[in-house]
Number of protein chains: 2
Amino acid sequence: LVPEKENFRSFSIRIMTRVCVLGAGYMGSAITFPLSDNGNGIHLWGTWLDNWILDECSRGQHPKLNKSIPENVSLFYAGELEEAIEDVEFLIIAVTSEGFVPVFQRALDAMKRSSPLFCLTKGFVPVSGEVNRISEVARCMFHEKFPGEEFRWVSVGGPVKAVELSDRVPTSTMFGMNSSVVTPLLRLFSTDYYFVSYCDDVCGVELCSAFKNVYAIGLGIYDGLYEVERDKYSHNLKSILFNQSVQEMALLIERAGGRRETAFGLSGIGDLYVTSASGRNRRFGEYLGKQYTPNDAYRLMNEEGEIAEGYHAVHHGMKFINTLENSLIEELPLFEMLYRIIVQNKNVEDELRRFLKGLGMQ
Amino acid sequence: LVPEKENFRSFSIRIMTRVCVLGAGYMGSAITFPLSDNGNGIHLWGTWLDNWILDECSRGQHPKLNKSIPENVSLFYAGELEEAIEDVEFLIIAVTSEGFVPVFQRALDAMKRSSPLFCLTKGFVPVSGEVNRISEVARCMFHEKFPGEEFRWVSVGGPVKAVELSDRVPTSTMFGMNSSVVTPLLRLFSTDYYFVSYCDDVCGVELCSAFKNVYAIGLGIYDGLYEVERDKYSHNLKSILFNQSVQEMALLIERAGGRRETAFGLSGIGDLYVTSASGRNRRFGEYLGKQYTPNDAYRLMNEEGEIAEGYHAVHHGMKFINTLENSLIEELPLFEMLYRIIVQNKNVEDELRRFLKGLGMQ
């Protein structure tokens, strides 16, 4: 179902637009594929941790996507940030949530004028003990540098496995924008394999992106626990977990000021479906289901060069929930279960039983 | 996670309530487990096609659930309908959609007074060339027998694989009721492994039950096509199908006069998640993905004693859609794709490509 090569440019923009992607990991590199197929020129900037990735890209192969990067992509090393963002139309931020503040601060320092910001980073940003949504943190940082200027922000969410996008298999995604000014830019992303939808609910898209990583761990735990014991495996029960995840995301968004519906679309159920079917957070959950401690599971994956972002999102998510409303956690029994397992090291089967007991009381 | 045997009756009702289940197939028999664990007395009536099932039950084993039926269940053969429904508090209808009208008519003929009706039958009922929701057909039939009396109806939907329920694994379900009079009866079903939620959207629950069988075929088709060719398999794309299924169900419900939210809960995403992960409709889809013709796939399953209800639901669903609004099908591209594959025998890969092309145009 991958479109024919000659069709890639059916949506192409004849005048080449220059954009800069910050972060050369999975998603940052994958997004260059539709952008390049549309004829844009992409500056792919690697952080100080990405040097080895850029080295291998130069040698012909992106080491995580296992293919060469597209033709319209130029590589920039950590020290070349100023050159990378010079004269670009907009920035795409695709570093990890831990890397967000230092990288975005450096970018702001180097920016000569304000530009729209697209964000592929998922999760929460801890700033001096507080936890906040990335867009809120970014807004403050932005206005320190550009007081009075419009903060144009797009949170990119939705069901996208980076390797698949770089294989050009059909992929849908949701862009949550705070300003209609950026709408015309969406054409630069849209191809006949990368389908861009958009909405005005930055908060919803952002919270889905963060929390689906947490809930995907839950579904992974379930599979880890029972996949070897088929007679104990239950689709009924797994579906309870999936449905509950979506309902809790909808509630979280609502209480945080976003729109419930966002959880019921591509960025919510769509992304949770992908994230729980495969990927790092799901795998982290599987380890937990197989009785690894959270720290061991995290370390194990780290040794393989992978970070389970959901692990951090559970810690930060709880802090975020507490900033909203003190008793909100009582309405989020599945999140609480995951917190107890992942942060408080409780036994997975006991916790699952406890969660189910709560359902029975309704 | 199956509760301890001694806990089964934690929700039990001390005064035994007598209920009758019409249909001794998967779901009719499975629902007797929570009912029996709650101390109810269940009359399980088999249709004229169920004689062999009852025979085997008497010999000790339900042939589809592969276990003995619960202790509080009495068996009634097709000819014993009057005895089966005498003095029961309410009826549970669990026959196939094809069997619904003849069975319900016989039951009405035998009923001495009106009673609440719980319906586990899914799909549409064709009556003299027209297609309608089961509850609407039932309402007309009911009022012919009991003019002026209150039609108390509960559509039971949600993510329940019958075999798993009969294994007493934790299971959530949604009861869509048209009358709050029946609310107290829900306690008769609730156990510490069968969690009953309810809403007032009969239309939504009913349409989800019917259409998720259709959409589960779609997800089965995808797996059938690509599961052997892992390099062509894409979670991004499968997630497009899952999300699109839910959005189309929500739209269908809305246009039919129900509530969109119903598609975003247990009866929609919950049930689709289960139905597309395993089961008959999914398997029917897999055959189509492996290039069997719809008729061959249907026949093959029939020979194994299984009916893919989604096959009928596609035919009937299209008629139902046309009764709502002539151009509605244009807003349901995934349903249309499935109709073209299943009813018009079009090639699956061509149709998937066509569907995706439509998404790109948005």
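In what follows, chains carry the letters A, B, and so on, assigned in the order in which the sequence lines appear, proteins first and then strands, with residues in each chain numbered from 1.
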Over 12 non-hydrogen atoms of neighbours within 6.0 angstrom of OH in Y233(A): yes
Under the rule for salt bridge (charged side-chain N to carboxylate O under 4.0 Å, His left out), what residues qualify as partners of E254(A), not counting sequence neighbours? R260(A)
What part of [X] lies closer than 4.5 angstrom to a heavy atom of chain A: side chain, backbone, both or neither?
X       : answer
L237(B) : both
Y226(B) : side chain
V246(B) : side chain

Go through [options] and name the one with the most non-hydrogen pairs under 4.5 angstrom from chain B.
options                   : result
D167(A), L225(A), I269(A) : I269(A)
S234(A), S172(A), G270(A) : S234(A)
S278(A), G158(A), A250(A) : S278(A)

Is a donor on one side and an acceptor on the other found under 3.5 Å between the side chain of N236(B) and the backbone of K161(A)? yes
May I ask you to decide if the ring planes of F242(A) and F242(B) are parallel, tilted or perpendicular, using 30° and 60° as cut-offs? perpendicular
Applying side-chain contact (heavy atoms from CB on, under 4.5 Å), run through L266(A) and Q247(B) and close with a yes or a no. CA-CA 10 Å; L266(A) 282 172; Q247(B) 305 312 316; over 6 Å; no
So L356(B) and Y193(A), side-chain contact (heavy atoms from CB on, under 4.5 Å) or not? Walk me through it. CA-CA 8 Å; L356(B) 291 168; Y193(A) 61 88; over 6 Å; no
Could you grab the distance from atom [atom1] of [X] to atom [atom2] of [Y], nearest 0.5 Å is fine?
X       : Y       : atom1 : atom2 : value
T171(A) : L359(B) : OG1   : CG    : 11.0 Å
H235(B) : S276(A) : NE2   : OG    : 9.0 Å
Y273(A) : I240(B) : OH    : CD1   : 12.5 Å

Least distance between heavy atoms, F264(B) atom then N243(A) atom: O-OD1, 4.2 Å
Return the minimal non-hydrogen interatomic distance between S239(B) and V274(A), and the atom names on each side. CB-CG2, 3.2 Å
